[in-house]
Amino acid sequence: MNKMATRTIARSNTPVGPSSALFKQMRGLVATGSFTLFGLMVLSIFLMPLAYMVTQSLKDEAQISDVSGPLWPAAAATFEYEGEQVPVYNVPTEEGMQSWALVKKGREVSSFVDPANPEAGLIEWEGRWRTLTPAWTFAPRWENYSTAWRTSRFTLLLRNTLMIAVPSTIGAVASSIIVAYGFSRFRFPGKKLLFIILLGTIILPFWVTLIPTYALYQRIGWVGTFLPLIVPHFFANAWNVFLLRQYLMGIPRELDEAAMIDGAGPFRILISVILPQAAPAVTAVTLFHFFWAWNDFFGPLIYLSGKQDLFPISVGIMNFNAIYSVEPHLIQSIAVLALVIPITIFFFAQQFFMQGVKITGVEK
C-alpha cells in the first residue's frame, strides 16, 4: 500500500495536461517574437539611411531648409478665407487638439476659423498664436525625379552602365566556372601550387598593378573605351573561383561517374550535371560581380577620363553632384534612381539564395 501510494504521489507531481502544453506554446511564441523584434530592429537601422534618402528626394529646397518641418515631405497647411490663403495651426482646446486657420492675429486673443466647418464663424482663442505649431500636409515633389533624369542624362548613364556590367558579368561568371570546375574535378601536375598562387592574388593590392596595367592599355589603345572594364574579367577572378570551387567540391562525384557511363564528356557533365546543382552558388557570384561592376567608380574614372558620353552611373552621379551641389533634393533623387535596378534584381533573386540555404543546411 505504501509503495502504491508513493508511486501515485510521484505521478501527480509531473506537469501534464493542457496547462503544460499551453506554457510551452507561450514560451515558444515569446522566443519567436523576441527574435523577430530583434531582427526588425537591426533591419530598421540598416534601412534608416535609405528611408532618409527617399524622403529628402521628395522635398524641394524650401522644405529641406525648414528646420521646423517634419522628416517626411510636407508643406504648411493653408486655408482660403475671403480670397486669401491663411495658415493652419494645431490649436489646443478643451476638446483636444484642433486644426484651425488663423484669420486674425492678436497679442493675447486671436481669431480662428474651422476649415472643416467655416460656416460656424470665427472662433476666439486666448493665447499667443506664435507658440502654436503649424499643421502639415503630405506634399511630395515627384517632379524631382523627372528633373534629375533629364538634367543628368540618366538614360545615357544607364545604357553605359549596362554595357559595362552585363558583358563583364558574363565573362567573369563563365571563366570562373570553367577554372573552378578544373580545380574541383580534375587532377594535373602542380594543381595545389597553382591554386595557392591564385588565392595569393586576392591579397595583391589594386594599386600595385594600376600603373603597369594602365600603361599597357594605353599602349594598345584601350584607354577611352569600355575594353579595360570588360575584357580583364574574362580571365576569371580568384574570389569567384574559390567560392565556386568550394561549392563544386561538395557535389558528389558519383553524379559525374554516372554521366560518364552514359557517354557524357567533361563539357557535357559541366553543363548538364554540375551547373544545375550549383545554381545557387553561380547566382551568388553573378550578383556579386554585377553589383560590383554597377558600383565601380575608380576604374571608369581612370580609363574613361574625358569621355563624358561613356560615363556610367557611378561617375555620372559624381559630376551631377558637383554641378547641383546647392540642390540636395536633386542629388538624392538621382541616387534613388541609381538604386532601383540593383534593388529590383536583388529582390527577384532571393529565391535562389533561399534555395542555397536549403541545400547547404538540409540536404547536405
Worksheet item: Are W294 and H289 near enough that their ring centres are under 6.0 Å apart?
Response: no
Please report the interatomic distance [atom1]([X]) to [atom2]([Y]), rounded to the nearest 0.5 Å.
X    : Y    : atom1 : atom2 : answer
E126 : S110 : CD    : OG    : 10.5 Å
S272 : Q277 : OG    : CD    : 11.5 Å
M163 : L158 : CE    : CG    : 12.0 Å
L275 : Y181 : CG    : OH    : 9.5 Å
F290 : I170 : CZ    : CD1   : 10.5 Å
L310 : L229 : CG    : CG    : 10.0 Å

Counting heavy atoms not belonging to [X], are there more than 12 under 6.0 Å from its [atom1]?
X    : atom1 : value
F46  : CZ    : no
Y52  : OH    : no
W222 : CH2   : yes
F235 : CZ    : no
F347 : CZ    : no
I211 : CD1   : no
I203 : CD1   : no

Item to complete: Can you label the angle between the F138 ring and the W72 ring as parallel, tilted or perpendicular, going by 30° and 60°?
Response: tilted
Worksheet item: Once the angle between the rings of F112 and W100 is folded into 0 to 90°, is it parallel (under 30°), tilted (30 to 60°) or perpendicular (over 60°)?
Response: tilted
Non-hydrogen atoms of [X] and [Y] that approach each other most closely:
X    : Y    : result
A335 : M53  : CB-SD, 3.6 Å
L244 : A180 : CB-CB, 3.6 Å
S111 : L102 : O-CD1, 3.5 Å
P92  : L132 : CD-CD2, 3.6 Å
V109 : E124 : CG1-OE1, 3.4 Å
W142 : P140 : NE1-CG, 3.2 Å

Practice prompt. Could you give me the CA-CA distance, side-chain angles and deciding distance for E119 and N117, then say whether side-chain contact (heavy atoms from CB on, under 4.5 Å) is met?
Written response: CA-CA 5 Å; E119 293 81 7; N117 187 19; 3.3 Å; yes
Do [X] and [Y] have side chains that get closer than 4.5 Å, going by heavy atoms?
X    : Y    : value
Y89  : W129 : yes
P118 : F79  : yes
P228 : L304 : no
V86  : E80  : no
R185 : R253 : yes
P328 : I64  : yes
V315 : L157 : no
I334 : W149 : no

Using a 3.5 Å distance criterion without hydrogens, assess whether the side chain of [X] forms a donor-acceptor pair with backbone atoms of [Y].
X    : Y    : value
D262 : A264 : no
R268 : M260 : no
D60  : R141 : no
S176 : V173 : no
N240 : V285 : no
S57  : S333 : no
S314 : D296 : yes
S168 : A165 : yes
N160 : D309 : yes
K191 : F186 : yes

Report whether [X] and [Y] are members of the same hydrophobic cluster (ILVMFWY, side-chain heavy atoms less than 4.5 Å apart, transitive linking).
X    : Y    : result
V241 : M249 : no
F188 : F195 : yes
I317 : L162 : yes
I202 : L194 : yes
I164 : F291 : yes

Verify the distance criterion only: is there a donor paired with an acceptor across the side chains of [X] and [Y] at less than 3.5 Å?
X   : Y    : answer
S99 : N90  : yes
T78 : Q85  : yes
T93 : W125 : no

Fill in: L58/Y145 under side-chain contact (heavy atoms from CB on, under 4.5 Å): CA gap, chis, key distance, verdict
CA-CA 8 Å; L58 293 174; Y145 292 109; 3.4 Å; yes
Worksheet item: So I123 and V113, side-chain contact (heavy atoms from CB on, under 4.5 Å) or not? Walk me through it.
Response: CA-CA 6 Å; I123 304 173; V113 65; over 6 Å; no
Discussion item. With ring pair (Phe, Tyr, Trp, His ring centres under 6.0 Å) as the test, pick out the partner of F298 among Y303, W207, W292.
Written reply: W207
Discussion item. Applying ring pair (Phe, Tyr, Trp, His ring centres under 6.0 Å) as the test, list every pair that has at least one member in residues 305-341; sequence neighbours left out.
Written reply: F320-Y324
Item to complete: Using the side-chain contact (heavy atoms from CB on, under 4.5 Å) rule, take F154 and I313 through it: C-alpha gap first, then chi angles, then the decisive distance, then the call.
Response: CA-CA 8 Å; F154 196 82; I313 290 177; 3.9 Å; yes
